[in-house]
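Heads up: the structure comes next, in structure tokens.
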Amino acid sequence: MGEKKRPILITGKSGTGKSTLAKTLVAEDVLIYYANEIEDRDWKSVEQDIIIEEVHYKSNKDIIMNVIRNCKSQIVLTSNNEK
């Protein structure tokens with residue numbers, strides 16, 4: 001079993017390339033979710049890297065914390081400077 005990778009948070013103003021940078025930090029078969037649309041599932045069984053976009057906007061914090069606690073793959077979160 002692989003070692004758990006630490007999540008990465010990318011912040012910046014709108015249009016500064018946060019999503020583009022996030023995609024360079026993960027594998028090609030990445031799962032991409034918006035923080036306000038992410039649904040709960042068995043995150044322990046997910047093997048792909050994950051990008052969670054726009055964590056600053058109405059994010060489902062409980063599910064995002066569940067992802068961070070349970071996924072062994074790389075997790076990258078993007079957020080505007082606001083929060």
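Any value given below was found using the heavy atoms of this structure, including those in side chains, with hydrogens, waters and symmetry copies removed.
Judged by distance alone, the side chains of Asp40 and Asn66 do bring a donor and an acceptor atom under 3.5 Å apart.
Applying the side-chain contact (heavy atoms from CB on, under 4.5 Å) test between Ile10 and each of Thr16, Val55, Val76, Ile51 identifies Val76 as the sole match.
At least one donor-acceptor pair closer than 3.5 Å links the side chain of Gln74 to the backbone N or O of Arg6. A donor-acceptor pair is defined here as one N or O able to donate and one able to accept, closer than 3.5 Å; such a pair exists between the side chain of Asp49 and the backbone of Ala27.
To the nearest 0.5 angstrom, Ser79 atom OG is 8.0 Å from Lys18 atom NZ. The CD1 atom of Ile52 lies 11.5 Å from the CG atom of Asn36; values are rounded to the nearest 0.5 Å. Taken to the nearest 0.5 Å, the NE2 atom of His56 stands 12.5 Å off from the CG atom of Leu77. A distance of 6.5 Å separates OG1 of Thr78 from CD of Glu54, quoted to the nearest 0.5 Å. Taken to the nearest 0.5 Å, the OH atom of Tyr33 stands 13.0 Å off from the CG atom of Asn60. Remark: Lys72 NZ to Ser45 OG distance equals 11.5 Å, nearest 0.5 Å.
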Does the pair Ser19 and Glu53 meet the rule for a side-chain contact (heavy atoms from CB on, under 4.5 Å), with working shown? CA-CA 7 Å; Ser19 297; Glu53 299 266 16; 2.7 Å; yes

Do Ile50 and Trp43 pass the side-chain contact (heavy atoms from CB on, under 4.5 Å) test, and can you show the C-alpha distance, the side-chain angles, and the key distance before you say yes or no? CA-CA 11 Å; Ile50 299 172; Trp43 294 106; 3.8 Å; yes

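Hydrophobic clustering places Leu9 together with Ile38 (ILVMFWY residues linked when any side-chain heavy atoms are closer than 4.5 Å, directly or through intermediates). Tracing side-chain contacts under 4.5 Å through hydrophobic residues (I, L, V, M, F, W, Y), one never reaches Val30 starting from Val46; they form parts of separate clusters.
Counting heavy atoms from C-beta on, the side chains of Ile32 and Lys23 come closer than 4.5 Å.
Within 6.0 Å of atom CD in Glu47, 12 or fewer heavy atoms from other residues, nucleotides or ligands are found, so the atom counts as exposed in its surroundings. By the neighbour-count criterion of 12 heavy atoms within 6.0 Å, atom OH of Tyr34 is sparsely surrounded, having that number or fewer from other residues, nucleotides or ligands.
For Thr24, there are no side-chain hydrogen bond (donor to acceptor under 3.5 Å, both in side chains) partners two or more places apart in sequence or in a different chain.
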